[in-house]
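Below is one structure, written out as structure tokens, with a few remarks after it.
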Amino acid sequence: MRAFADLFRSLDQTSRTSVKVSALAAYFDMAPERDRLWTIALLSGRRPKRLISTGRLRDWAAETAQVPLWLLEESYAVVGDLAETIALLLPTSGGTSAPTLSNVMDELAALSNAEDDEKRATVMRYWNDLPPDARLVFNKLITGGFRMGVSRKLMTRALSKATGIEESDLAHRLMGNWTPQTISYANLVLEPDASEQTARPYPFYLAYQIESAPEDLGDPGDWMAEYKWDGIRGQLIRRGGDWHLWSRGEELITDQFPELAATLDHVPDGTVLDGELLAWQDDAPRPFADLQKRLGRKTVPKKVLKDAPVVLLAYDLLEFGGKDLRPWPLRSRRDALTEVIRALPPDCPVRLSDPLKFADWPALAAIRSKARDIGTEGVMLKRMHAPYLDGRRKGDWWKWKLDPMTVDAVMIYAQAGHGRRANLYTDYTFAVWDGDTLVPFTKAYSGLTDAEFGKITAWVRKNTLERFGPVRRVTPELVFEIAFEGIQESRRHKSGITLRFPRMVRWRQDKPMAEANTLADLRALLPEP
DNA sequence: TGTGACTGCCC
DNA sequence: ATTCTGC
DNA sequence: GCAGAATGGGCAGTCACA
């Protein structure tokens, strides 16, 4: 734990990725194997299920630190991070206990079904026994999202540096639903066991938004285009006489999409498809919301299966005949994919994401401009000769989404952010006019620069009308242009509408609030029923 | 038994 | 998802 | 160009509590 705490501190002190990678690689070199395994798990988003609610933790911390709860809350508002707040408030201790990272994680895991009293005793013992640095890390481990300023990508790079194994090989080995309880460091990293890999997905290739006009991409003949479907990314593994479906976040979602079991009979063993899961009816895609009802479910009722049948629109073939096709150029992978799909009977819910025919860029622009009518989000562009890479990178795959819709809205509430935004008002609620009243309809936080947030924070302090906990009602006055990708009716909001991906595009200092948009303007943007 | 707060997943 | 920022 | 940080809405699930 001491070495891990040191690592944490060095990562926290720099934002230089090269320094982070070196520090991590050095840690991988010296740490015991089981600690390496836990570090890989934590830095690849495999934090164990939350053990203690933040409410409990606040109570125990306030008690231990002998401060009233309100003072802890106020401190948290200033510090912006619960784990750090608690570490700062706890009485100084001469703790010298030196458990390893895996000692701590294994002990915590064993508490998963314990009573609160036992958890409380364990947490308090650690608070008392650990040196201050380690206490902060311990708190990070038992609170929410574990962030160390290094994400999966840099961790993989560091592990590559420490082991000499190719980064992309490592990225592949670290995929799937392993946990430190189910695998050893050796089996995960050094000599992956083939029998354990039958369900293992390939790392997903992700696209960036195109930055300018597609004309910059050169010869349209080098590119393939298809619709950007508004569904859920899925990788279908057909191996070892079984099938598995993975989401982009590496969740196994096989049970949520039972209709794809049909692939067992019709897709040959040793095949991996990449595509988009879509609710699909009468030869057209259904809204994303239909699909979302599937996710996170423990069981899928018959009614849901019937009301929103799902298909996989396949757009890539990553493996065929047990052979990894990722190095192949897209053109060849697509040719092979087309054959695989052609061999399926019509009732098998796997289709081809059809390539869009376009002679030149203006022709594709015309297709894109009608994408919303078809229920898609725009088009994707993929370079014909490109291999299937991993992660999000620029160059070969681009999304060319529809232009967002925008409205001008009035800020009516402001709230401080967390972390590096802890002392800034960065999180706003916006309203539009309904007659002569302002109706709140969305929140937004991004799109402004730090300098603008600074100015607005000063303004908020001077223009607060009322406070509700962390939220301030402010003088309605500032107008912002809000952009969003979609708009729908909603029962949850007073305004009756809800936006998809709202963000601020600019502060309309030129616009008086009387000229902000109206609820009627928003309703006019709703799709035809 | 219903509700609201919270979490973690998708986008 | 999105956006901005630092390297 | 990459990587990180901080945040949007909806849904299903869980848990505390009325």
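Proteins get letters first, then strands, A, B, ... in listed order; numbering begins at 1 in each.
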What residues, two or more places apart in sequence or in another chain, satisfy ring-ring contact (aromatic ring centres under 6.0 Å, His included) together with [X]?
| X | answer |
| --- | --- |
| A:Tyr76 | A:His418 |
| A:Trp243 | none |
| A:Trp280 | A:Trp229 |

Only counting residues at least two apart or in another chain, list the ones meeting side chain to side chain contact (heavy atoms under 4.5 Å, CB included) with A:Pro309.
-> A:Gln281

Contact under 4.0 Å: [X] side-chain N or O vs [N] OP1/OP2:
| X | N | result |
| --- | --- | --- |
| A:Arg297 | D:dA12 | yes |
| A:Arg233 | B:dC10 | no |
| A:His418 | D:dA5 | no |
| A:Lys293 | D:dC11 | no |
| A:Thr17 | D:dG4 | no |

Residues in salt bridge (charged side-chain N to carboxylate O under 4.0 Å, His left out) with A:Glu118, at least two apart?
-> none

Rounded to whole angstroms, how far apart are NZ on A:Lys303 and P on D:dA12?
-> 13 Å

Could you state the CD1-C1' distance from A:Ile497 to D:dG8, rounded to the nearest angstrom?
-> 14 Å

Using heavy atoms to find the nearest nucleotide of DNA chain C for A:Val505 and A:Ser18 separately, return the residue whose nucleotide is more 5′.
-> A:Val505

Find which nucleotide of DNA chain C each of A:Lys228 and A:Arg420 is nearest to by heavy atoms, and output the residue with the more 5' nucleotide.
-> A:Lys228

Rounding to the closest angstrom, what is the interatomic distance between B:dG8 and C:dA1 at atom C1'?
-> 15 Å

What about A:Tyr208 and A:Trp398, are their ring centers closer than 6.0 Å?
-> no

Should the ring pair A:Trp397 and A:Tyr205 be called parallel, tilted or perpendicular, given that the plane angle runs from 0 to 90° and is split at 30 and 60?
-> tilted

Test: A:Lys494 cationic atom under 6.0 Å from A:Phe441 six-membered ring centre, within 45° of axis = no

side-chain hydrogen bond (donor to acceptor under 3.5 Å, both in side chains) with A:Asp117: which residues, sequence neighbours excluded?
-> none

Who pairs with A:Arg472 by side-chain hydrogen bond (donor to acceptor under 3.5 Å, both in side chains), at least two apart in sequence or on another chain?
-> A:Tyr425, A:Thr464

Run through A:Arg503, A:Arg500, A:Lys399 and flag the one making a salt bridge (Lys or Arg N to Asp or Glu O under 4.0 Å) with A:Glu485.
-> A:Arg503

Contact span of DNA chain C against chain A, any nucleotide atom under 4.0 Å from a heavy atom, 5' to 3', runs C:dA1 to C:dC7

Enumerate the residues from residues 387-400 of chain A whose closest heavy atom to DNA chain C is under 4.0 Å, giving them by residue number; use none for an empty result.
-> A:Lys399

Mind listing the residues from residues 443-460 of chain A sitting with a heavy atom below 4.0 Å of DNA chain C? Number order is fine.
-> A:Tyr445, A:Ser446, A:Gly447, A:Leu448, A:Thr449, A:Asp450

Taking 4.0 angstrom as the limit, do A:Glu481 and A:Lys511 come out as a salt bridge?
-> no

Shorter than 3.5 Å, N or O on both sides, protein versus nucleotides 14-18 of chain D: list them out with atom names.
unit_1 : atom_1 : unit_2   : atom_2 : d
D:dT14 : OP1    : A:Lys298 : NZ     : 2.6

Summary of side chain to side chain donor-acceptor pair (under 3.5 Å) pairs that have at least one residue in residues 370-381 of chain A, sequence neighbours excluded = A:Lys228-A:Glu377

